[in-house]
Protein chains: 2
Amino acid sequence: MTGRPRTFDKDAVLRMAMRAFWERGYDGVSIAQVCEEAGIAAPSLYVAFGDKDALFEKASALYAEHLDEDLERDLSAPTAREAIERLLQSSAEHFSAPGQPPGCLVMGEPRLAERRSRTRDLIRARLRRAAAEGELASAAEADGVAAFVDTVLAGMAALARDGADRARLLDATRYAARAWPA
Amino acid sequence: MTGRPRTFDKDAVLRMAMRAFWERGYDGVSIAQVCEEAGIAAPSLYVAFGDKDALFEKASALYAEHLDEDLERDLSAPTAREAIERLLQSSAEHFSAPGQPPGCLVMGEPRLAERRSRTRDLIRARLRRAAAEGELASAAEADGVAAFVDTVLAGMAALARDGADRARLLDATRYAARAWPA
DNA sequence: CCCATATTTTAGCGCACGTTAAAGAACGTG
DNA sequence: CACGTTCTTTAACGTGCGCTAAAATATGGG
């Protein structure tokens, strides 16, 4: 029993919703706006994705999928210094990607604090590993550098949303890289 | 002709509203919430402050008054390095002040982008002055450091709102201070 | 004591929100 | 071709929002 076929592209609508949440945040996006942009009526959206919370969860999962891939790739560099430099630079580029909303959905959205926390755990873990391997002086220094890197990442996302161009963000990463011992 | 006397403390209500906007942002605060916390009815609030936009403007002006004082005090240090170090440290302390909401109203609120822009102008101006006086190598370096400092400030505010304690923020300022030439 | 003024109280306006019930329409299956 | 299933359409529900008209109340001045 197949039933009446869907008249819209579910993935395309999810990408539209993701982009809207990325630009304006959870509270800044209404169901009616998503429906109008997608050209569908509200019940179709509810059948396809559930309520607004479920739609947001699916949209943010779609967003964070690419993000986690990048994070793990960057952090897997042989040295922590290189890992962090790659992370900062690729984040700066992501936050200022042409054709995409400036900034970061995860950094900008209050209800994604837990996901931010997990990202920070990964960064801190990578730096503690560097401390254990002797690349950093101590676990305390690893945690300090981690707090600094977390700060720069969140700050670049905020600056991007305020309209900073890519060059400004890369400036920030360049100076950030000088902040801890080589 | 004096008219019926006001039954509430206007300044106290404005402070309550400021705190509410600080904690939850413009969209997260409803007029009804402010009224309930203040123990007054909506028309009293409208007579005293105007509509929600006007209330927010007065509340954010009250907030930014103290902020601008601190900024000018910090930036007036004899050297740019000392000025920036003071700014970062006092900001970290402000963002994690006990008894106050974590983070920063100005940094967290989308509609205060212009005020953030003015703050960044002051920081850049101070660093360009340092370049002109020979403390920094060039105006380009001043702008790069300025972008970095803007980033760290915004990032610390974001981390504070995510629950980072004062020690973490001060960690960030400590490493940030190592980021540009002495 | 009454008036002008300024605030309070009461009640409610219009609107946008998230959500859903009900009925109609398009499919594969038997 | 009727049936079950799934989606679409239409219409509306309840709630909270920002805001305000209208009437009642409390002051100081004449």
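Below, chain A is the first sequence line, B the second, and so on; all start at residue 1.
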**Request:** Apply the test salt bridge (charged side-chain N to carboxylate O under 4.0 Å, His left out) to residues A/Arg81 and A/Glu85: give CA-CA distance (whole Å), side-chain angles for both, the deciding distance (0.1 Å), then the verdict.
**Result:** CA-CA 6 Å; A/Arg81 163 163 289 276; A/Glu85 282 179 0; 3.1 Å; yes
**Asked** Mapping B/Pro5 and B/Asp53 to their closest nucleotides on DNA chain D, which lands nearer the 5' end?
**Response**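 Upstream on the strand: B/Asp53.
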**Request:** Starting from the 5' end of DNA chain C, give me the residue, A/Gly50 or B/Ile40, whose nearest nucleotide shows up first.
**Result:**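 First, find each residue's nearest nucleotide; the 5'-ward one identifies B/Ile40.
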**Item:** Ion pair B/Arg174/B/Asp171, N-O distance below 4.0 Å
**Value:**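 Looking at B/Asp171 together with B/Arg174, the answer is yes, because their closest N to O distance falls below 4.0 Å.
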Check the distance between [N]'s [atom2] and [X]'s [atom1] and give it to me in whole angstrom.
X	N	atom1	atom2	result
A/Phe8	D/dT6	CZ	C1'	12 Å
B/Phe56	D/dG18	CZ	P	13 Å
B/Lys52	D/dG18	NZ	P	4 Å
A/Tyr46	D/dC7	OH	C1'	17 Å

**Pairwise distance OG1(A/Thr173) to CD(A/Glu93) - rounded to 0.5 angstrom** =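 Atom-to-atom, A/Thr173:OG1 and A/Glu93:CD are 8.5 Å apart.
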**Request:** Remember a base hit wins even if backbone is also touched, and classify B/Val29 as base, sugar-phosphate or nothing at under 4.0 Å, heavy atoms.
**Result:** sugar-phosphate
**Request:** Report which part of the nucleic acid A/Ala48 touches: base, sugar-phosphate, or nothing (heavy-atom distance under 4.0 Å, all strands).
**Result:** nothing
**Prompt:** Between A/Arg111 and A/Asp53, is a salt bridge (charged side-chain N to carboxylate O under 4.0 Å, His left out) present by the stated rule, with each step listed?
**Reply:** CA-CA 10 Å; A/Arg111 34 179 87 207; A/Asp53 267 52; 3.5 Å; yes
Do the side chain of [X] and the main chain of [Y] share a donor and acceptor less than 3.5 angstrom apart?
X	Y	value
A/Lys52	A/Val29	yes
A/Ser117	A/Ala113	no
B/Glu109	B/Tyr26	yes

If you restrict it to nitrogen or oxygen atoms, what contacts under 3.5 Å exist between nucleotides 28-30 of chain D and the protein, and what is each distance?
residue, atom, partner, partner atom, Å
D/dG28, O4', B/Thr2, OG1, 2.7

Dump the pairs, protein N or O against N or O of nucleotides 14-16 of chain D, anything under 3.5 Å, distances to one decimal.
none

**Asked** So, is the end of the B/Lys58 side chain (NZ or CZ) under 6.0 Å from the ring centre of B/Tyr63 and within 45° of the ring's axis?
**Response** no
**Within 45° cone and under 6.0 Å: A/Arg19 NZ/CZ vs A/Phe21 ring** =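 No, A/Arg19 does not lie over the aromatic ring of A/Phe21.
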Protein-nucleotides 22-25 of chain D N/O pairs under 3.5 Å:
residue, atom, partner, partner atom, Å
D/dT25, O4', B/Arg4, NH1, 3.4
D/dT25, O2, B/Arg4, NH1, 3.1

**Request:** Walk along DNA chain C from 5' to 3' and tell me the first and last nucleotide with an atom closer than 4.0 Å to a non-hydrogen atom of chain A.
**Result:** C/dC17 to C/dG28
**Request:** Using a 4.5 Å cut-off on heavy atoms from C-beta on, say whether the side chain of B/Arg116 contacts that of B/Leu112.
**Result:**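 Of all side-chain heavy-atom pairs linking B/Arg116 with B/Leu112, at least one is under 4.5 Å.
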**Message:** Holding to side-chain contact (heavy atoms from CB on, under 4.5 Å), I want the full list of residues that pass it with A/Ala77, two or more places apart in sequence or in another chain.
**Reply:**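 Only A/Glu82, A/Ala83, A/Arg86 meet the side-chain contact (heavy atoms from CB on, under 4.5 Å) criterion with A/Ala77.
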**Prompt:** Between B/Asp70 and B/Ser90, is any side-chain donor less than 3.5 angstrom from a side-chain acceptor?
**Reply:**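 Result is no, nothing qualifies.
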Let me check something: any side-chain donor-acceptor pairs from residues 141-155 of chain B under 3.5 Å, sequence neighbours excluded? List them with distances.
residue, atom, partner, partner atom, Å
B/Glu141, OE1, A/Tyr175, OH, 3.2
B/Asp143, OD1, B/Arg128, NE, 2.9
B/Asp143, OD1, B/Arg128, NH2, 3.3
B/Asp143, OD2, B/Arg128, NH2, 2.8
B/Thr151, OG1, B/Ala147, O, 2.8

